[in-house]
Amino acid sequence: MNALLPLPTAPLPPGAVHVPGWLTLDQQRELVAACRAWAVGPVPIRHTRLPNGGVMSVRTVCIGWHWQPYRYTRTAGDVNGQRVAAFPDWMVRLGRRAVLDAYGDEAAAAAYAPDTALINHYDGQAKLGMHQDKDEKSSAPVVSLSIGDTCVFRVGNTETRNRPYTDIELASGDLFVFGGPSRFLYHGVPRILEGTADPATGLTSGRLNITMRVTGLTDTHPTP
Ligand code: MD3
Ligand code: FE
């Protein structure tokens, strides 16, 4: 019975908001150009090394603050020692519009002050295992923007990296905001749907994901 009907998608947890097609093609093109410049330097995009000796399949470049497992610093001691590029004001404004459109809360949007972004590039084989983002000393929302190939995005729970979770697809131009009770959810990217991108974004292959965050750090109170 009903074998030809799609299964209903489980509702997203409170605080998790998906806005498909939020970015225009022009905005995607501008973001691709900005990310392409940041990928060159001052700290080049690279596969992050993990403390266990492994290497992430995703390539990452950071702006504002540099993330390496499991802390933020201003300089990239695990890459070339340079200070990362500044977090631009235009991206703060984009983050505020994202929070406003996701929650309809003008006060929350005005108060949102992202100071770092992790920019991930996935080739067709790259994956991101289930994890929590908890190196930030703030529970402010994370704003995620996707460009290029569609991916399967796994939205988990706050207790374990295993079930229950829901798989959804994130396509080019989609906005996802994780705030409130969803801020410390386990999540991951089990699969890229290779070749699904519209080349008009300027991205020649793979998937680009930008996550804006609030580190909760200051230069007078950095992590040691
Ligand atoms: C939910 N990136 O960079 S974006 C990451 O597609 C990361 O590159 C994935 O997970 C990517 O840490 C997923 C969506 C996302 C990002 C951060 C979150 C979801 C989140 C933080 C808390 C809860
Ligand atoms: Fe994450």
Side-chain angles (χ1 to χ4, degrees), residues 3-10 12 16-41 43-50 52-63 67-69 79 94 98 117-133 142-156 161-178 185-213:
L4 298 177
L5 293 175
L7 289 169
T9 319
L12 290 169
V17 180
H18 181 199
V19 186
W22 187 72
L23 293 168
T24 65
L25 200 49
D26 275 336
Q27 288 175 310
Q28 293 178 65
R29 273 194 278 265
E30 286 174 20
L31 285 166
V32 167
C35 291
R36 191 163 271 140
W38 288 320
V40 173
V43 179
I45 194 165
R46 90 297 186 210
H47 295 275
T48 303
R49 298 157 192 275
L50 298 169
N52 67 12
V55 165
M56 292 175 72
S57 58
V58 170
R59 290 184 305 149
T60 305
V61 61
C62 307
I63 58 173
W67 179 80
Q68 72 181 89
V79 188
L94 189 63
L118 272 62
I119 297 157
N120 290 329
H121 183 269
Y122 295 73
D123 67 20
Q125 282 66 50
K127 300 168 194 289
L128 189 61
M130 292 295 275
H131 67 278
Q132 288 173 299
D133 291 27
V142 173
V143 167
S144 154
L145 303 173
S146 294
I147 302 174
D149 282 346
T150 297
C151 76
V152 177
F153 178 61
R154 186 162 287 173
V155 186
R161 66 178 64 253
N162 302 310
R163 287 182 174 79
Y165 50 67
T166 307
D167 284 352
I168 66 164
E169 288 186 0
L170 289 184
S172 200
D174 288 10
L175 164 67
F176 218 124
V177 181
F178 292 86
L185 281 178
Y186 281 92
H187 58 277
V189 177
R191 197 152 83 87
I192 300 295
L193 306 181
E194 207 175 354
T196 51
D198 175 354
T201 63
L203 196 67
T204 39
S205 70
R207 169 173 182 265
L208 195 61
N209 182 263
I210 302 166
T211 53
M212 295 177 222
R213 302 122 188 267

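Starting from 1, each residue takes its place in the sequence as its number. Computation of the quantities below employed the complete heavy-atom set of this structure, encompassing side-chain atoms and omitting hydrogens, waters and symmetry-equivalent molecules.
Checking side-chain atoms of R36 against main-chain N and O of G202 turns up a donor-acceptor pair under 3.5 Å.
Taking each heavy atom of W38 and V61 in turn, the nearest pair found is O-CG2, 3.4 Å. Heavy-atom minimum distance, P69 versus T48: CD-CG2, 3.5 Å. Between H47 and V58, the closest heavy-atom pair is ND1-O, 3.5 Å. Scanning all heavy atoms of the two residues, the minimum distance from R46 to Q68 falls at NH2-CB, 4.5 Å. S146 and N209 make their closest contact through OG-ND2, 3.3 Å (heavy atoms, listed as atom of the first residue, atom of the second, distance). The nearest pair of heavy atoms linking E169 to H18 is O-CE1, 3.7 Å.
Between F153 and F178, the angle of the ring planes goes over 60°, which puts this pair in the perpendicular group of the 30/60° scheme.
The side-chain hydrogen bond (donor to acceptor under 3.5 Å, both in side chains) check on D149 picks up nothing, with sequence neighbours excluded. In this view, R29 and D26 satisfy the salt bridge (charged side-chain N to carboxylate O under 4.0 Å, His left out) rule, not counting sequence neighbours. A search for ring pair (Phe, Tyr, Trp, His ring centres under 6.0 Å) contacts involving H121 returns nothing, not counting sequence neighbours.
For the pair V142/M212, no side-chain contact is recorded, criterion being any heavy-atom separation below 4.5 Å from C-beta on. Within the 4.5 Å cutoff, the side chain of Q27 has no heavy atoms near those of the L25 side chain. Side-chain contact between M130 and R154 is present, with at least one heavy-atom pair separated by less than 4.5 Å. Counting only heavy atoms from C-beta outward, the side chains of V32 and I147 approach each other to under 4.5 Å. Counting heavy atoms from C-beta outward, I119 and T60 have side chains that stay 4.5 Å or more apart. A heavy-atom distance below 4.5 Å is found between the side chains of L175 and L145. At a threshold of 4.5 Å between non-hydrogen side-chain atoms, the residues W22 and D174 do not count as touching.
Note that SG of C151 and CD1 of I192 are 5.0 Å apart. Values are rounded to the nearest 0.5 Å. To the nearest 0.5 Å, atom CG of residue L203 and atom CD of residue Q28 are 9.5 Å apart. Distance check, rounded to the nearest 0.5 Å: OH of Y122 to OG of S205 gives 14.5 Å. Within the model, atoms OH of Y165 and CG of L185 stand 14.5 Å from one another, a figure rounded to the nearest 0.5 Å. Here the CG-CD1 distance, from L23 to I210, works out to 8.0 Å after rounding to the nearest 0.5 Å. Note: L208 CG to L31 CG = 8.0 Å, rounded to the nearest 0.5 Å.
Cation-pi contact between R161 and Y186: absent, since separation from the ring centre below 6.0 Å together with deviation from the ring axis within 45° is not met.
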Could you walk me through whether D133 and R213 pass the side chain to side chain contact (heavy atoms under 4.5 Å, CB included) check?
CA-CA 10 Å; D133 291 27; R213 302 122 188 267; 2.8 Å; yes
